[in-house]
Amino acid sequence: MSFPLLTAVAVVPALGAIATAALPAAKRTAAKWLALLFSLGTFALALVVAFRFDPGAKGPFQLTESHAWISDFGVRYELGVDGIAVALIALTTLLIPFIILAGWHDADPLEEATPNRRWRPTQGFFALVLAVEAMVVLSFEATDVFLFYLFFEAMLIPMYFLIGGFGDRAGGDGEARSANRRSSAAVKFLLYNLLGGLIMLAAVIGLYAVTADQLGTGTFSLQQIVEARAAGKLDIATGTERLLFLGFFFAFAVKAPLWPLHTWLPGAMGESTSPVAVLITAVVDKVGTFAMLRFCLQLFPEASSWATPVILVLALISVLYGALLAVAQQDIKRLIAYASISHFGFIILGIFAMTSQGQSGATLYMVNHGISTAALMLVAGFLISRRGSRLIADYGGVQKVAPVLAGTFLIGGLATLSLPGLAPFVSEFLVLVGTFSRYPVIGIIATLGIVLAALYVLVLYQRTMTGPVKPEVRSMPDLRVRELVVVAPLVVLLLFLGVYPKPLTDLVNPAVDHTLSVVDKKDPKPTVQVDAVPGGGRAGQAVQDQDREAAK
């Protein structure tokens, strides 16, 4: 029996959460180092998964594990990874140590502790972060629909406490009002996602009923369902398939977040600490877009094609709406939140363009958005902790007193607007090319998101970092060693993947090809007007032949 590597990647942070939470209250420093140690161990295991994974191997999943669990209801403990899952597991396990380091003091007790002002349990904070990591990793690994649903919903519980119990201290209007805002944001986050989860649960039960009726025994196995459909043994009625698709997609669109189901995100990110805000948008929200690729498209190919026009319009609205609201924001963290809504619009656009360029770009966008948003939000958090305010108007001239902080903030901002040479540019370019090749009007309109991104990022930098030095920031210290350790690797990754994305593209392309084959979609063939080619005739035919070969 081979070593259960995928299980180990999820079990290590779960054990770390238990061990960290069990430490005595006085052992705050030990809790931090223990949590960091477990997160690094998880990342090491994720690297082993990445090196063991063979992108050229046959079959949709590798490193599979399958064990009977609830046999009477067809539920199995089934794990497996494709290239997309491997990339997202690597992203998750990479970011968690930086989140822990960035939040090193976020859960320390308040200095003026009184009966009316609570203490923040350090052990609880780091244990919850590790618990979220374990559940997200299992969500990326699960190939049993019910198993995926279980952890898709379970991660809401630790996230609720991280948002409501360990919120931002830079509100500036008193602990009581800050606590109320945090509680409201946490409840809204929970209610939105629970609603999506309940609708998905009905669809999961419906899927089981359909498989039980047609296959003789109900199953939740993704691979078994896909193979049964390909062999003609499972034929879901068109109306039923579309209803099931909508049940799954609604839950994933809430998590993603897709307009108009996005309204929980700005409050949740604004009221969270910056590391928790990164955990939300760079880690947890990726489960929604990942699940669209793995479950919506592969389980319901006909319904996915049927819903594509509406979804593309909603994604386009997300791109423009999120960018426009980001331009209007006066709060740094809410600006980054609305920018993320715009970026998720691009990701969903690439997924449902149903082209290899679009889906490869969407997968790269998930990874690159996670890195760039983490860099920008964490540096913004360091900035906010120094000044004690999230308002853009309270800053000015920071680059003169803290040049390293300002420089890393600029790099994070430039990556957010997808500057050529930085990682997000490659993914955004592929998404737009893939969308344009099948839906040219939507692809052209979506490019307005690039212009708006440049506007909100450069205006943010100008108002906070340039100009006269405000008295409140005159004594602001530059980045410390711990903060540099957090930010520097992210900057290096943005530069490396910006000029050499091949390791990622080689990893995800086979999984994208498999998804498109299940949905029965092929890339549109480029056309060339023969008369426009000098010499016409054979010359024009030669160009067309070259284009067909390139398309293949």
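Predicted model only: the values in this text are computed from it and were never measured. Start at 1 with the first residue, then count along the sequence.
Separation of atoms CD1 (I450) and CG (L417) is listed at 9.5 Å; rounding is to 0.5 Å. Rounding to the nearest 0.5 angstrom, the gap separating the CG atom in L162 from the CD1 atom in I280 is 8.5 Å. The distance from atom CG of D285 to atom CG of L258, rounded to the nearest 0.5 Å, is 12.0 Å.
In terms of heavy atoms, G434 sits closest to Q357 at CA-CB, 3.9 Å. The minimum heavy-atom distance linking S305 with M354 is given by the pair N-CE, 4.5 Å. Taking all atoms of both residues into account, the shortest heavy-atom contact from R438 to A353 is NE-O, 3.1 Å. Contact between P55 and D506 at its shortest, heavy atoms only, is CB-O, 3.6 Å.
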For residues 131-141, run the donor-acceptor check on the side chains, cut-off 3.5 Å, and write out each pair with its distance to 0.1 Å, sequence neighbours left out.
residue, atom, partner, partner atom, Å
S139, OG, M135, O, 2.9

Only pairs under 3.5 Å count here: list side-chain donor-acceptor contacts from residues 85-100, not counting sequence neighbours, and write none if there are none.
residue, atom, partner, partner atom, Å
T92, OG1, L88, O, 2.9
T93, OG1, I89, O, 2.9
T93, OG1, A90, O, 3.3

Throw together a table of side-chain donor-acceptor distances under 3.5 angstrom for residues 312-320, partners on residues two or more places apart or in other chains.
residue, atom, partner, partner atom, Å
S318, OG, W259, N, 2.8
S318, OG, L314, O, 3.2

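With a 4.5 Å cut-off on side-chain heavy atoms, Q359 and I84 do not count as touching. Taking the side chain as every heavy atom from C-beta outward, L494 and L414 never approach each other to under 4.5 Å. Here the side chains of L376 and V457 are not in contact, with every heavy-atom distance at 4.5 Å or above. Side-chain contact between F382 and T408: absent, with no pair of heavy atoms (C-beta onward) separated by less than 4.5 Å. In this structure, the side chains of V426 and T505 stay at 4.5 Å or more apart for every pair of heavy atoms. R182 places none of its side-chain heavy atoms less than 4.5 Å from the side chain of I163.
Considering only residues two or more places apart in sequence or on other chains, Y338 meets the ring pair (Phe, Tyr, Trp, His ring centres under 6.0 Å) condition with none of them. Residues passing the ring pair (Phe, Tyr, Trp, His ring centres under 6.0 Å) test with F352 are F249, sequence neighbours excluded. Taking the side-chain hydrogen bond (donor to acceptor under 3.5 Å, both in side chains) definition, one finds that S356 meets it with D523, sequence neighbours left out. Under the ring pair (Phe, Tyr, Trp, His ring centres under 6.0 Å) criterion, F409 pairs with no residue, sequence neighbours left out.
Remark: E153 does not engage K255 in a salt bridge, criterion side-chain N to carboxylate O under 4.0 Å.
Pairs of residues two or more places apart, or lying in two chains, never qualify as salt bridge (Lys or Arg N to Asp or Glu O under 4.0 Å) while including a residue from residues 185-195. Within the structure, salt bridge (Lys or Arg N to Asp or Glu O under 4.0 Å) pairs that include any residue of residues 480-491 comprise R386-E483, R480-E483 (at least two apart or interchain). Residue pairs satisfying the side chain to side chain donor-acceptor pair (under 3.5 Å) criterion with at least one member in residues 360-381, sequence neighbours excluded, are listed as follows: K286-H369, S340-H369, S360-N509, Y365-E428, N368-S427, H369-T373. Among residue pairs with one or both ends in residues 441-464, those qualifying as side chain to side chain donor-acceptor pair (under 3.5 Å) are Q399-Y461; sequence neighbours excluded. Within the structure, the ring-ring contact (aromatic ring centres under 6.0 Å, His included) test picks out the following pairs touching residues 490-513 (sequence neighbours left out): F496-Y500.
Separation of the H262 and F344 ring centroids does not fall under the 6.0 Å cut-off. Aromatic pair F125/F166: ring centres closer than 6.0 Å.
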